[in-house]
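Quick caveat: nothing in here was measured; it's all calculated off a predicted structure. Below, read A as the first sequence line, B as the second, and so on, with proteins coming before strands; counting in each chain starts at 1.
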Amino acid sequence: MLRLEGVRVEREGWFLRADLAVPKGAAVAVMGPSGAGKSTLLSVIGGFEEHAGHVLWEEAPIDGLPPGRRPVATLFQDGNLFPHLSARRNVALGVRPDGRLGARDRARVDAALEDAGLGRFGDRLPGDLSGGQMARVALARIAVQDRPILLLDEAFSGLGPALKAEMLDRTVRLAAEGGRTLLMVTHEPEDARRICPETILVAEGIAHRPVGTEALLSDPPEALRAYLGT
Amino acid sequence: MAGRALALITAAAVAALALGPLLVVAGSADAGAMRPADWAALRFTLVQAALSAAISCLLAVPVARALARRAFPGRGVVVALMTAPFILPVIVAVLGLVAVFGRAGAANAVLGWVGLPPVSIYGLSGVVTAHVFFNLPLAARLILAGWEAVPAERLRLAASLGAGPWATFRLIEWPLLRTVLPGALAVVFVICLTSFAVALTLGGGPRATTVELAIYEAFLFDFDTGRAARLALIQAALGLGAVGLGLLVPMPRLAGGLGRAPRRWGGGGKALDAVLIALAALFVAAPVVAVVLRGAVHVAALPPSVWVAAGNSLLTAAASAALCLLLALAIAIGGGRLEEGVGTTAIAISPLVIGTGLFLAVIPFVDPAELALPVTGMVNAVMALPFALRFLVPAARRIRATQGRLSASLGMERWTRLRIVTLPGMRREIGAAAGIAAALSMGDLGVIAFFADAERATLPLQMYRLMGAYRMDEAMGAAVLLTALAFGAFRLCDGWGARGAGRAWRVRRAAA
Amino acid sequence: MRHALPLILAAVPAVAEDRPVLEVYTYDSFIAEWGPGPAVEKAFEASCGCDLRFTAAGDGAALLARLRLEGARTDADVVLGLDTALTAEAEASGLFAPHGIDVPPLDLPVAWEDDTFLPYDWGWFAFVHREGFEPPASFEALADSDAAILIQDPRSSTPGLGLILWVEAAHGVRAGAIWEGLADNVVTVTRGWSEAYGLFLEGEADMVLSYTTSPAYHLIAEDDDGFRAAPFEEGHYMQVEVAGMLAGTDRPALAREFLAFMLTDGFQSAIPTTNWMYPAVIPEDGLPEGFDTLVTPSTSLLLPPGEARDRAEEGIATWRDALSR
């Protein structure tokens with residue numbers, strides 16, 4: 001169980017409050033108008049945002065931990081790979097952040113690359129890969145990272161619809177296989193419906209408790225309605 | 001944060017090395033009274049530095065603009081040429097300038113041939129000409145980097161709005177210049193402030209007394225240490241003021257993107273741009289070529305002591321560049337504006353004062369000659385630090401901004417992050433900074449003269465000794481050797497940096 | 001291959017044996033491999049049973065400045081390379097002791113009476129030009145001509161200061177007028193002799209301030225007799241280079257031995273073709289061939305040391321005013 005207790009982020013003339021819980025293994029969408037604080041919410045969980053209140057995982061507070069020590073892996077909108085490192089070394093960083101791998105670790109990395117269909121591309125630099133391939137390298141790294149919480153902050157938004165769908169499917173499979181909890185910021189009601197049974201609505205300074213996605217989208221509250229244009 | 005602590009300690013060490021000698025000198029005597037001639041020197045220094053900065057930057061704008069707008073074969077060579085004067089040893093550059101613009105120089109030969117009156121390179125105009133030679137390329141590079149940092153979207157937007165040249169200038173170029181020019185002006189101003197050899201050789205007489213020369217005179221002729229210290233303090237205050245002003249304005253990167261092909265700016269004036277680029281290249285290249293033509297044949301006949309001195313210079317330059325890099329990296333990666341500001345102070349301190357202060361500080365304990373090369377390396381490292389920081393600070397900032405979150409989310413330890421992310425990501429800038437530091441150290445005559453004995457001379461000192469023994473041919477040969485070594489060191493380091501970074505550039509563009 | 005190992009030696013203390021060390025401070029060009037230093041060191045060490053060590057500091061003025069910075073702490077036993085423009089000040093510093101040796105007859109155009117400093121070489125300042133140029137024969141003629149000259153800054157250079165004293169000694173109260181007349185002849189004023197002479201060789205001026213002995217270098221070392229020194233009617237100012245021993249030396253006997261050696265052939269015969277000056281005592285074999293071609297001024301000018309310092313200050317002020325207009 002991931003719990004946010006009395007979380008409050010304040011900036012000049014703007015705030016975000018969150019009191020909510022996400023069950024372990026759930027897949028939850030995060031939706032809401034631009035600027036409402038969807039990314040901020042993920043940053044709080046990931047450890048990139050100063051805040052009041054507490055973040056707990058399995059009833060233990062994690063808000064005192066630096067980002068790398070949290071049980072959290074994040075895919076950002078961009079900048080998920082180091083441009084000067086090969087695909088293989090990028091993935092390897094997920095196993096050991098100091099990049100020093102033993103033989104077993106190396107086998108794991110190669111397996112992850114193979115799984116992602118990148119067996120031949122391990123030595124390439126990100127710049128020599130297509131957008132889809134770069135996304136798959138990032139996912140391969142997530143796969144070896146062994147973090148129980150997976151955050152997607154509008155990841156894959158630069159890809160075309162078909163590629164994006166493929167990546168989301170891979171992500172879901174990855175989450176399901178590892179029993180990972182998935183939180184994903186999205187603007188697409190279709191993506192939310194397809195992947196996430198529940199949705200957190202972030203609007204007017206509040207990150208609400210997760211509710212059924214279908215119910216929320218079929219009868220959206222005022223703030224979400226304007227945003228969705230329905 | 002340990003990184004910040006390290007940066008602070010480094011900055012404190014640099015400040016101690018730069019300001020400490022000044023305090024030692026000031027403390028060794030009563031403050032001497034300023035003389036009317038000192039005020040005249042101050043006035044002349046300010047005037048020449050202001051003029052040099054203004055003219056360098058003013059001329060650099062059209063050159064940078066032309067370079068930013070045009071793609072042509074050999075553009076890379078021209079841009080590389082723009083580094084040349086900066087790393088050319090001052091005394092060599094002066095000889096080169098004399099060969100081109102002197103009374104018996106090529107320029108006057110051409111002018112005489114077409115029936116025009118000769119130009120003079122002596123006097124205020126000579127000092128300014130030399131400073132423009134040194135700093136026009138530097139200013140052009142700074143401004144060019146600004147031009148290349150203009151986002152493509154903004155150009156597209158302007159183009160789609162159908163903006164003409166004037167509108168483009170108002171919308172894009174003028175705001176760009178407003179951010180870039182103050183920094184460039186400050187940098188050039190400060191560099192010209194401590195000018196010594198140029199003013200002394202080309203100044204034409206006592207009119208062209210700079211503060212640095214007044215310090216020299218106070219020391220050696222009047223033996224008035226107090227007055228020398230007071231003058232040095234004034235010079236330092238001026239320099240620090242200018243550095244402070246310059247730092248208030250965000251600066252573009254010195255190195256970034258210079259190898260990139262320009263984007264389409266469109267517009268006419270192609271012929272004008274070509275003429276501007278050709279003139280700038282000629283102005284920069286001619287003195288270098290003149291020195292090489294004059295001295296190349298004498299290189300083979302150089303006495304062994306010159307080669308020993310060259311070895312000393314190489315070792316000192318390597319050590320100096322390494323130390324400079326360590327200092328600059330500590331400040332760039334861990335530090336903020338404060339540390340950067342402190343790291344830049346050395347540029348404003350009189351080398352003569354640093355030399356004398358260190359001399360006074362070490363003499364109770366050791367024979368200064370034993371320390372000649374280490375001290376020279378150390379001082380040169382600190383002198384090159386401001387330039388290294390110009391490269392490394394923005395690079396470190398860029399890495400922090402683009403890859404900080406990812407590194408943190410992966411849980412990299414500090415040293416791991418340094419090893420895997422930060423240092424490799426800054427490779428291009430590290431190469432350029434090391435190259436500049438090595439080249440500057442190679443050409444520096446400053447502090448060694450206080451400490452050296454016969455066997456621990458550097459190449460510039462040995463070259464100077466040759467000149468002092470009627471051996472002009474051999475001195476010119478040594479100048480060519482010196483130039484080759486300085487360029488070689490720069491190219492080696494810079495090329496190493498660029499090899500690793502060319503790929504990273506592609507990535508950043510692909511990701512954009 | 002004496003010079004092949006200094007990189008390694010730099011890290012190791014230089015003295016390995018127990019021989020007494022005589023520390024001599026001198027100017028930079030003295031110890032260059034083409035300077036008198038190496039020959040002098042070899043000759044003296046052959047007889048003294050000691051280790052002669054040279055320490056160099058820039059030029060004569062830098063030498064004195066360094067000595068005053070170090071004060072009584074200095075390691076120097078002997079200082080070699082001050083000149084008559086500096087001796088009054090050096091004397092006043094109280095750092096020097098009377099030499100106390102019997103002075104042999106000196107070959108100087110002037111009488112030498114100084115208990116502290118001993119001359120080892122000397123020369124006349126002169127404007128040097130290439131053959132074929134018609135030089136003016138006095139400062140006034142120079143001022144009236146359109147000859148272009150290169151001079152050195154008196155505040156940073158020995159010849160520069162020599163020129164100031166030359167004009168002072170030759171023209172006294174008229175020095176200001178002379179300088180005003182010369183202002184338009186001066187191409188530039190350089191920091192040291194090296195830059196000025198270098199620019200002259202590169203063809204930047206008709207004449208350069210140097211020494212009457214300069215043509216000897218080109219004649220003897222380069223086999224080029226295309227250089228001349230211009231004789232001036234009012235006479236030529238002299239530079240006499242001197243050495244003295246420190247009051248605080250812990251080897252006074254050895255220091256005296258060196259000063260006495262300085263006036264013997266072992267030292268003096270090295271001077272003409274390394275320092276390119278006249279030796280204070282002409283060696284047994286006479287002057288090298290080629291020195292006989294040099295101009296010999298009719299009048300030698302030299303201000304007494306005490307007077308030189310004050311006249312120099314006045315002269316520099318006059319010079320500065322005249323050339324600043």
* To do: Quick one: list whatever passes side-chain contact (heavy atoms from CB on, under 4.5 Å) with Pro33(A), sequence neighbours left out.
  => Ala36(A), Ala203(A), Tyr227(A)

* Asked: Nearest 0.5 Å, what's the CZ-CG distance between Phe82(A) and Leu406(B)?
  -> 4.0 Å

* Atom group of Arg96(A) that falls short of 4.5 Å from chain B, counting heavy atoms -> neither

* What closest approach, in Å, do His84(A) and Pro424(B) show between heavy atoms, and which atom pair accounts for it? -> CD2-CB, 3.2 Å

* Asked: Non-hydrogen atoms of chain B under 4.5 Å away: do they reach the side chain of Leu93(A), the backbone, both or neither?
  -> both

* For Arg419(B), is it the side chain, the backbone, both or neither that has a heavy atom under 4.5 Å from a heavy atom of chain A? -> side chain

* To do: Could you tell me the separation between the CG atom of Leu410(B) and the CZ atom of Arg147(A), rounded to the nearest 0.5 Å?
  => 7.0 Å

* Taking atom CZ of Arg8(A) as the centre, does the number of heavy atoms from other residues, nucleotides or ligands within less than 6.0 Å exceed 12? -> yes

* Structure fact -> Okay, Arg70(A) and chain B: the region with an atom under 4.5 Å from a heavy atom over there is neither

* Who are the side chain to side chain donor-acceptor pair (under 3.5 Å) partners of Asp105(A), not counting sequence neighbours? -> none

* Asked: Do Thr74(A) and Arg405(B) come close enough that some side-chain heavy atom pair is under 4.5 Å?
  -> no

* Heavy-atom distances under 4.5 Å only: say whether Leu81(A) touches chain B with side chain, backbone, both or neither. => backbone

* Asked: In terms of heavy-atom contacts, does CZ of Arg89(A) have more than 12 from other residues, nucleotides or ligands at under 6.0 Å?
  -> no

